[in-house]
Amino acid sequence: MIPENRTLSMVAALATMESMTSEQIANTGSVTADHGSIQTHAQTQPRQNDSVKGCPSERKCGLRWRPAMLHPASLRVLLPWLTSIIGIAFALCLVIAWFPSTVWNTPIVSSDAPAHYYFIRRLLDEGLGAALHLWPHNSFYPPLFHVCAYFVIKIAALFGVQCSIYAAFNITWIIASGVIFPSGMLVLCRYFLQRWNRGNSISNPISRISQASPTSESSFVSKSSNVSNQQVSSAVNRQYNATLDATFVLQNLIGLFVPVLAVSSVCHPYGLLNAGPLIAFGFATSLLPFLIAATLRLFDAIAAREHIVKWLAITAIAGVVCLVAHPRIAFTYALILVPFIVLRLPWKLILGAFIAMCVGAVAFVALMLTSFKSDRWANPASWFHSHQPSKNLWESISFCFTDGLDGFPAILFALLLIAGTVAAFVCASRRAAMRSADSLSGAVSTVAPDFSADAGALASDTAVSAPDVSPVSASGLPAASCSDAVDVSLSASSEPSRPRRNDRLRDVIALTAAFLLVTLVYVCTVTLVGALPNIISAPWYRDENRIMTMLPLVALPLLVIGVNALSECVSACAASASFAPSASSFFAKNSVSSSSVPSLSSASAVSSVKNVSLASNWIGPIAVFLVVAILAVSAQIVCPSRSAARDTIIAHSSLNQSDPNEQLTEQKIAVLRKVTKRTGTQATIISDPLNGSMYADTLFNANMLYPIINARTDVPSAPFGKVETAFASGDGQQVLGTVCSLTDAPEYFLTMGDQAKSLQSFPYRAQYDSFHNEELIDAYVDGGTLVKVADYSQYGQGWALYRFGCAD
């Protein structure tokens, strides 16, 4: 009978033989046995040959030989950077190729677009000081996106290039979506990959097995061949380096596709450009992966009790940047981080974090109660009363598991996500079990070292006299499962000697929990109705577009560690299948007694080591790499959701509208151009924002009194609120008293028909009804409050420009 450690020893011996040249094997002298020890007349030959050749040792010769193999050490440094740059470049090209070309010279005609254009314009007019009060009524709006667009225009001017507001807007969006977001996702995914592979300093399963046997049988091999454990490890490492660390290389190549997959889903960034566009929130979402990664690094620093101040400062800076981009991103951040806080922080910090969250929630509720006046606050079921479900339960759940992809890529993504998560749980659980076993074994050996040594010697003597190999598993490896080959490397670690905390298992559980939380919020938003779904989705305005941006943040890291776990499982199983026949043949041919030893001239043994090395290093990573590559490529071929979003934006930016009352048409462009030419850029123009007149501000540099659509009645939107109230009063003197004091320049009033149908969902549209009330306007004309100065009835019924009858 051959015990498990005996099998491990044989593998180490095979690895040592494989490091020897054929001449050294042929010249191996006679072999004699002395109480279980093996002595050879050629045991000092390698060192003597090294001295003759000028090599002081075999280790130094190996170090000299490695640069001839594409410099593995340099490759370890350069490959992550190279794959990152290439992957981000691909992602940028995809975003640019998708971006609608029609919006470079004309605006995106949607609900929020005029405000973002106006904010950039205001920064250009007033300087960076306006960043703290971008609204027309001088209240705060998150300015980071608009400040970046402002700098794009200023930098272009330094090179003599005149960059329009629309071009600066588009360039900033492309940089955020095609560079910042995929870079952040790459940083986040690499963080989890590094934690997953931390401690696996040697990926070759043969190396793992040889290093996982530091007990009596490992000592037996060392004594029998008179070769130290360090020499065995060095020999195996040379074979490992000769394959250029296939696992490391291919994991980086898989990382090549992380930026591509980050911009493959309609969830982000494309959806938000179509919805609103929700530019500020989208910009904050693009920055959020960096904040999450910095926070997780802070958790690592707290656990290790080192570099805490450094990572605390980095996290604080990243947090401030994200909040300046859009404060509401804090809800997404908190939702994703909750599982990590629970699983990775000390209980005192967990309590503190949840107290901080509760304080933030109370502050948010107080802000909503004071900012938005409503009689429905006490009845959550009546919140978002106009909201309608857009998907059924199966559609919403499947959307989350497919990360918003379509067709075949969606199915492949879901399968990889589910299979990878299961594999990750299996590998992480076995790793945790191995750690528990190692800890128990270490405790026993510490308490009773003499007993352990005697037991090891007894097992060694028993193993030498027993030729039977029946206890070895059918795979030829000492464990019953191929997953054990993956986890056997746990005793060989480059980590510090501090106690480990089952990082793999914690990460898998936390990522899975975060994914399920995001799925819950998404399902509540798009499928469920009632009080509880309203409360859960309220921080995101129960808006599907905001919530779906969270999916890539949790689905992609979970997919990455999942496919990494699948790669380990496939490699381990391949190594088991490859090693089994050769190992069985080796033990059968070289069954030993107390006076015989295995023959060192077995060419098949050397061949089996090479086969196992090839299988374990390449088969698993190559298989997973090909699947991920197919996913990334097919996601660019089958993408109707992204194409639909692009087509919608193109339609919104088109001036050929069938409805003459839409926000922007060719007729309205012509009228706005003529109006600005007549009034100049200093005079104040008042009009109904929902008729598209607000675009004159950025199209022709006109001075519109309120060039955005949402001047809410519950906010002191002076001076527009006062003008609105006065105009609706029907009192000409009140109107002139309010309007004429706005500026020293003339004041005009523009009518361009009814409100656009595309803005009928705007909740405050009724407050502008007086601005297109023809009877009221005619009354002001008859009373001298308004004087018609230009008629544009050839473009639309009732379209005209009036001047207020002020004394100036």
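Using cut-offs of 30° and 60° for the angle between ring planes, the Trp383 and Trp377 rings count as perpendicular. The aromatic rings of His116 and His146 lie parallel to each other, their planes meeting at an angle below 30°, with 60° marking the opposite boundary. Note: Phe727 and Phe804 have perpendicular aromatic rings, judged against thresholds of 30 and 60 degrees for the angle between ring planes. Note on ring orientation: taking the six-membered ring where Trp is involved, the planes of His137 and Trp135 are parallel (angle under 30°, cut-offs 30° and 60°). Under the 30°/60° scheme for interplanar angles, the aromatic rings of Tyr117 and Tyr166 are found to stand perpendicular.
Thr681 and Asn701 form no side-chain donor-acceptor contact under 3.5 Å, judged by distance and modelled atom types alone. In this structure, a donor-acceptor pair under 3.5 Å is absent between the side chains of Tyr768 and Gln755. Inspection of the Ser396 and Thr527 side chains reveals an N or O donor paired with an N or O acceptor under 3.5 Å.
With Phe145 as the partner, the ring-ring contact (aromatic ring centres under 6.0 Å, His included) test is satisfied by one option alone out of Trp173, Phe169, Phe281: Phe169.
Aromatic ring centroids of His133 and Phe140 lie 6.0 Å or more apart. The six-membered or imidazole ring of Tyr802 lies away from that of Tyr780, with a centre-to-centre distance of 6.0 Å or more.
Geometrically, Arg678 does not engage Tyr748 in a cation-pi contact, judged by NZ or CZ lying under 6.0 Å from the ring centre and within 45° of the ring axis. Under the 6.0 Å distance and 45° angle rule, Arg673 does not count as a cation-pi partner of Phe700.
Counting all heavy atoms, side chain and backbone alike, Gly692 lies closest to Leu664 at O-CD2, 4.2 Å.
Side-chain atoms of Leu786 and Arg803, non-hydrogen and from C-beta on, never get closer than 4.5 Å to each other. Under the 4.5 Å side-chain criterion, counting only non-hydrogen atoms from C-beta, Asn691 is not in contact with Asn661. Using a 4.5 Å cut-off on side-chain heavy atoms (C-beta onward), Arg765 and Leu759 make no contact.
A salt bridge is absent between Glu662 and Lys668; no separation between the charged side-chain nitrogens and carboxylate oxygens falls under 4.0 Å.
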Applying side-chain hydrogen bond (donor to acceptor under 3.5 Å, both in side chains) to Asp791 and Ser793, what does each step give before you reach the verdict? CA-CA 6 Å; Asp791 183 83; Ser793 57; 2.5 Å; yes
Just do the side-chain hydrogen bond (donor to acceptor under 3.5 Å, both in side chains) check on Asn274 and Arg646 with the steps written out, would you? CA-CA 8 Å; Asn274 179 34; Arg646 184 176 186 270; over 6 Å; no
